[in-house]
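Structure, as structure tokens:
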Amino acid sequence: MTVQTAIPEGFEPLGRHSLPDGTTELARFLMGKLVVRALPAGLAAGRIVETEAYLTGDAASHAFRGMTARNRVMFGPKGHAYVYLIYGMYFALNVSGAAEGAGEAVLIRAAEPVLGAGAMARYRGEVPERDLMRGPGRLAMALDIDRSLDGTDLCAAGPLWLAGGGGEPQEIGVSTRIGISRDAHRPLRFFAKGSRYVSGPASLNR
DNA sequence: AACATGATGATCT
DNA sequence: GATCATCATGTTC
């Protein structure tokens, strides 16, 4: 009989077949799902409350000028982690979304801590619980995510994966994306209306 | 609540 | 050499 770390009910990895085709659909689908991380101190998880889609032909996308060493995961099979360094100090977690061969991904911008907030504080410091995962850089810090997790299969129990979540359905708002200049008008950001755990200016979150 | 600024380094032109 | 899919801290309203 195999002994294995127990995964609590509801935190089991999503099957890849359950991920919708289409990266914009994936960005909507991931709202309310869980990001789960196996940390030395135990499992940590957050309920996703904010995502952004980066699509083919999208000048704001890292894949706009084709595949490079950095963005290669965006061109691989869906449901894998694309992790990159931004502004020289922070990491950001994306989920690859396109059919194999095209380069698309969903940026996970913010989440509501649901498990292991104490473990997250080890990497985030003494900040309000609300701010643990509010923003892509903060979320990556809270879950100790860096480039070593680039390419991780998010549909399998490992260091990092996606789970079903559940809980109350969220009302989803749509807005322009944050922090970009090219193709900035496109309505490709999704957020949980009324959630305190969403990042960005209040004016975008209505 | 809104805005300004500095930190800091890989990546690509 | 310019450009960032950001954050923390500061100032001003």
Side-chain angles (χ1 to χ4, degrees), chain A residues 23-24 26-28 30-31 35 46 48-76 78 80-98 102-113 120-152 154 160 162 173-206:
Chain A
T23 300
T24 305
L26 180 62
R28 281 186 174 277
L30 289 176
M31 294 288 301
V35 206
I48 297 170
V49 296
E50 187 183 353
T51 64
E52 284 178 356
Y54 288 85
L55 307 177
T56 298
D58 176 357
S61 171
H62 289 174
F64 185 58
R65 290 181 163 79
M67 186 165 67
T68 66
R70 174 177 67 158
N71 66 20
R72 66 185 167 75
V73 176
M74 290 182 77
F75 290 83
K78 69 183 174 185
H80 291 250
Y82 166 45
V83 179
Y84 64 88
L85 177 69
I86 184 64
Y87 294 112
M89 340 169 98
Y90 303 104
F91 294 95
L93 170 66
N94 298 251
V95 181
S96 63
E104 303 191 347
V106 175
L107 172 64
I108 309 301
R109 285 197 56 92
E112 171 179 351
M120 295 184 206
R122 183 180 183 86
Y123 306 98
R124 283 285 291 126
E126 291 300 317
V127 301
E129 183 255 10
R130 181 190 181 210
D131 292 339
L132 277 174
M133 313 177 85
R134 202 178 98 217
R138 291 163 166 177
L139 184 148
M141 266 187 274
L143 298 180
D144 194 27
I145 290 169
D146 63 23
R147 280 283 285 172
S148 71
L149 292 175
D150 187 55
T152 300
L154 298 176
L160 180 68
L162 294 166
V174 182
S175 81
T176 55
R177 294 169 293 181
I178 294 180
I180 60 171
S181 49
R182 300 173 302 176
D183 266 343
H185 66 284
R186 306 183 72 174
L188 292 173
R189 171 176 178 264
F190 303 94
F191 60 94
K193 274 192 181 177
S195 169
R196 298 163 23 82
Y197 300 93
V198 171
S199 78
S203 59
L204 271 191
N205 294 333
R206 291 194 257 269

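Basis for what follows: all heavy atoms, side chains included, without hydrogens, waters or symmetry-related copies. We name chains A, B, ... by the order of the sequence lines, and we start the count at 1 in each one.
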- Near-ring test Tyr84(A)/His62(A), centroid separation under 6.0 angstrom: yes
- Query: Which part of the nucleic acid, if any, lies within contact of Leu85(A), taking any heavy atom under 4.0 Å across all strands shown: a base, the sugar-phosphate backbone alone, or nothing?
  - Reply: sugar-phosphate
- Item | Length of the OH-P vector between Tyr90(A) and dG9(B), whole Å | 12 Å
- Check whether the aromatic ring of Tyr87(A) stacks on the base of dT6(C), taking stacking as ring centres less than 5.5 Å apart and planes within 30° of each other. yes
- Task: Please report, rounded to the nearest Å, how far the C1' atom of dA5(C) is from the OH atom of Tyr82(A).
- Result: 9 Å
- Side-chain atoms of Met89(A) come closest, of dA7(B), dC7(C), dT11(B), to dA7(B)
- Query: Can you tell me how far P of dT3(C) sits from NE2 of His62(A), to the nearest Å?
  - Reply: 15 Å
- Distance under 6.0 Å and angle within 45° of ring axis: Arg177(A) vs Tyr54(A): yes
- Nucleotide paired to dG10(C) in any strand shown, Watson-Crick or G-U, under 3.5 Å: dC3(B)
- Note on the structure: Result for 5'-nearest mapping on DNA chain C, choosing between Tyr84(A) and Val127(A), is Tyr84(A)
- Message: What's Ala92(A) touching, base or sugar-phosphate or nothing? Going by heavy atoms closer than 4.0 Å.
- Response: nothing
- Task: Determine the minimum heavy-atom distance between Gly103(A) and Thr56(A), stating which atoms define it.
- Result: O-OG1, 4.2 Å
- Query: Would Tyr54(A) count as stacked on dA5(C) if the rule is ring centres under 5.5 Å and plane angle under 30°?
  - Reply: yes
- Query: For DNA chain B, whose closest nucleotide is more 5', that of Ser203(A) or that of Ala69(A)?
  - Reply: Ser203(A)
- Query: Picking from Glu50(A), Arg134(A), Arg138(A), what satisfies side chain to side chain donor-acceptor pair (under 3.5 Å) with Ser199(A)?
  - Reply: Glu50(A)
- Message: Quick check for you: among dT6(C), dC7(C), dA5(C), whose closest atom lies nearest to any side-chain atom of Met141(A)?
- Response: dC7(C)
- Message: What is the distance, to the nearest angstrom, from the CD1 atom on Ile86(A) to the C1' atom on dA7(B)?
- Response: 14 Å
- Task: Kindly give the heavy-atom pair with the smallest separation between Phe191(A) and Val198(A), and that separation in Å.
- Result: CB-CG1, 4.0 Å
- Atom-to-atom span, CZ of Arg206(A) to P of dA2(B) - whole angstrom: 7 Å
- Item | Below 4.0 Å: OP1/OP2 of dC7(C) and any side-chain N or O of Arg124(A) | no
- Of dC7(C), dA2(B), dA5(C), the nucleotide closest to the side chain of Ala202(A) is dA2(B)
- Report the distance from atom CZ of Phe64(A) to atom P of dT11(B), rounded to the nearest whole Å. 21 Å
- Atom CG of Asp58(A) and atom P of dA5(C): how far apart are they, to the nearest Å? 11 Å
- Query: Does the side chain of Arg138(A) get closer than 4.0 angstrom to OP1 or OP2 of dA8(C) through an N or O atom?
  - Reply: yes
- Query: Using purine N1 to pyrimidine N3 plus N6-O4 or O6-N4 for Watson-Crick, or N1-O2 and O6-N3 for G-U wobble, each under 3.5 Å, what pairs with dA5(C)?
  - Reply: none
- Task: Specify the separation, in whole Å, of atom CZ of Arg70(A) and atom P of dA10(B).
- Result: 12 Å
- Task: Taking all non-hydrogen atoms of both residues into account, name the closest pair between Thr152(A) and Leu160(A) and its distance.
- Result: CG2-O, 3.7 Å
- Query: With a 4.0 Å cut-off on heavy atoms, is Gly137(A) in touch with a base, just the backbone sugar-phosphate, or nothing at all?
  - Reply: sugar-phosphate
- Item | dT11(B) OP1/OP2 closer than 4.0 Å to side-chain N/O of Thr68(A) | no
